[in-house]
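These notes concern the structure reproduced below.
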Amino acid sequence: MTRLDATFYRRDVLEVAPELLGKKLVRKWPDGQITEYLITETEAYRGTEDLACHASKGLTPRTRMMYEPGGVLYMYLVYGMHWMLNIVTAHDMEPQAALIRATETVSGPGRLTRHLALDRTFNGEDLLTSARIWVTDNGFRPEYTSHPRIGIDYAGDPWKNKPWRYILSL
DNA sequence: GTAACGATCCTC
DNA sequence: AGGATCGTTACA
């Protein structure tokens, strides 16, 4: 049960996103309680070319965390009500992130952040040093399947068809 | 300023 | 199938 380090996150998101499956998202609450959530579904968003990735719009106040070195969180609001939890990957000025879509007990990216009480105050949070959220490796290397990403049809071909959504098998 | 649009979820 | 709900972005 060791906290994942910089070398894990500072690689291409197409490697990191599937490898996050089976890892444990750890949340330490204000009262000191700690709860763990097995990650079961992720999606990769990769660079300025990927028209489904917010970074395709360039470096803006909203997207700037994605340009940080891997290991920090990128939080943003969609549809005026749901916060999305993204883990930034790759190196400085290489905008990539893995969206955490579900855990073993909570399905859906919006429901997950509501359950874990994650919002804008976690934008830029550093998973390498944070005392309230981090990810641990238990040595589990699960099988997984790949699928097109959800809710990004507007990105058009070929991006809407990239099999960059990863689901833990069983 | 103004307007259009979501990396979703819930209820009909 | 449709509504909720608001920050971000682009454009005038």
Side-chain angles (χ1 to χ4, degrees), chain A residues 4 8-25 27 35 37-91 93-127 133-135 144-169:
Chain A
L4 289 174
F8 177 84
Y9 297 110
R10 292 172 192 171
R11 292 178 296 146
D12 194 290
V13 69
L14 297 184
E15 295 179 29
V16 178
E19 285 186 36
L20 281 168
L21 298 172
K23 300 291 189 289
K24 281 183 177 163
L25 182 62
R27 177 76 165 100
T35 40
Y37 301 83
L38 190 79
I39 298 172
T40 57
E41 183 176 352
T42 63
E43 277 178 2
Y45 289 87
R46 189 172 185 272
T48 54
E49 291 185 353
D50 178 7
L51 294 185
C53 180
H54 292 162
S56 63
K57 306 274 187 184
L59 201 170
T60 68
R62 178 207 207 185
T63 64
R64 84 179 174 83
M65 284 309 165
M66 264 201 288
Y67 289 77
E68 294 292 310
V72 301
L73 297 185
Y74 166 45
M75 304 291 304
Y76 69 90
L77 189 69
V78 268
Y79 300 109
M81 55 189 105
H82 302 295
W83 289 98
M84 298 289 105
L85 168 62
N86 294 261
I87 298 177
V88 173
T89 70
H91 299 280
M93 295 306 288
E94 205 170 12
Q96 303 183 351
L99 170 67
I100 308 302
R101 288 194 65 85
T103 61
E104 198 171 27
T105 53
V106 188
S107 296
R111 299 185 65 209
L112 179 65
T113 55
R114 192 181 51 165
H115 196 86
L116 293 185
L118 303 176
D119 57 22
R120 72 172 76 228
T121 68
F122 282 78
N123 192 40
E125 189 83 359
D126 189 350
L127 295 179
I133 187 169
W134 61 92
V135 181
Y144 64 90
T145 54
S146 303
H147 314 263
R149 294 171 291 179
I150 298 293
I152 51 95
D153 282 354
Y154 64 85
D157 285 321
W159 308 106
K160 67 174 185 176
N161 299 316
K162 295 280 186 189
W164 290 353
R165 174 180 172 221
Y166 309 100
I167 302 180
L168 187 71
S169 297

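So that the names make sense, note that chain A is the first sequence line, chain B the second, and so on, each numbered from 1.
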Legend entry - 5'-most by nearest nucleotide on DNA chain B - A/R114 or A/Y154: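 Nearest-nucleotide comparison on DNA chain B picks A/Y154.
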
Whole angstroms only, please: what is the [atom1]-[atom2] distance between [X] and [N]?
{"X": "A/R101", "N": "B/dC9", "atom1": "CZ", "atom2": "P", "answer": "7 Å"}
{"X": "A/R111", "N": "B/dT11", "atom1": "CZ", "atom2": "P", "answer": "10 Å"}
{"X": "A/L99", "N": "B/dT8", "atom1": "CG", "atom2": "C1'", "answer": "11 Å"}
{"X": "A/L112", "N": "B/dC9", "atom1": "CG", "atom2": "P", "answer": "9 Å"}
{"X": "A/I100", "N": "B/dT8", "atom1": "CD1", "atom2": "C1'", "answer": "16 Å"}
{"X": "A/M75", "N": "B/dA7", "atom1": "CE", "atom2": "P", "answer": "15 Å"}
{"X": "A/M84", "N": "B/dG6", "atom1": "CE", "atom2": "C1'", "answer": "11 Å"}
{"X": "A/I152", "N": "B/dT8", "atom1": "CD1", "atom2": "P", "answer": "10 Å"}

Inset, instruction - Would you classify A/M81 as touching base, sugar-phosphate or nothing, given that sugar-phosphate means primed atoms plus P, OP1 and OP2, and contacts are heavy atoms under 4.0 Å? - result: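 If one applies the 4.0 Å heavy-atom cut-off, A/M81 turns out to touch a base.
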
Legend entry - Nearest atoms (heavy-atom pairs only) where A/A55 meets A/M66: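 So the two residues come closest at N-CE, 3.6 Å.
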
Inset, instruction - Heavy atoms only: give me the nearest A/I39-A/L168 pair and the separation to one decimal. - result: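 For A/I39 versus A/L168, the nearest heavy atoms are O-CD2, 4.3 Å.
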
Inset, instruction - Check whether any side-chain nitrogen or oxygen of A/R165 sits under 4.0 Å from OP1 or OP2 of B/dA7, and answer yes or no. - result: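 For B/dA7, OP1/OP2 do not have a side-chain N/O of A/R165 under 4.0 Å.
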
Legend entry - hbond_proxy A/Y76 side chain to B/dA7 base (donor-acceptor, 3.5 Å cutoff):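 Donor-acceptor pair under 3.5 Å: yes.
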
Inset, instruction - Classify the side chain of A/H54 and the base of B/dA7 as holding, or not holding, a donor-acceptor pair under 3.5 Å. - result: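 When only heavy-atom distances are counted, A/H54 does reach the base of B/dA7 through a donor-acceptor pair under 3.5 Å.
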
Legend entry - Cation over ring face, A/R62 and A/Y74, 6.0 Å, 45°: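 No.
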
Between N or O atoms, less than 3.5 Å apart, protein on one side and nucleotides 7-12 of chain C on the other: list the pairs.
from, atom 1, to, atom 2, distance (Å)
C/dT9, OP1, A/T60, OG1, 2.2

Inset, instruction - Once you apply the 3.5 Å cut-off to both distances, tell me the Watson-Crick or G-U wobble partner of B/dT2, or none. - result: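 Looking at the geometry, B/dT2 pairs with C/dA10.
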
Legend entry - Pair partner, C/dT5 [Watson-Crick or wobble, under 3.5 Å]: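 No nucleotide pairs with C/dT5.
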
Legend entry - Pair A/E43 + A/R149, salt bridge at N-O below 4.0 Å: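 Between A/R149 and A/E43 there is no salt bridge, as every charged N stays at least 4.0 Å from the carboxylate O atoms.
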
Inset, instruction - Flag the pair A/K162 and A/D157 as a salt bridge only when some basic side-chain nitrogen lies within less than 4.0 angstrom of an acidic carboxylate oxygen. - result: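 Salt bridge between A/K162 and A/D157, a charged N being under 4.0 Å from a carboxylate O: no.
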
Inset, instruction - Using atom types as modelled and distance alone, determine if a side-chain donor or acceptor of A/Q96 lies under 3.5 Å from a backbone N or O of A/V13. - result: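 Yes; judged by distance alone, with no hydrogens or angles, the pair exists.
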
Legend entry - Option from A/L20, A/T89, A/V135, A/L127 for which side-chain contact (heavy atoms from CB on, under 4.5 Å) with A/F8 holds: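 Testing each of A/L20, A/T89, A/V135, A/L127 against A/F8, the sole residue satisfying side-chain contact (heavy atoms from CB on, under 4.5 Å) is A/L20.
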
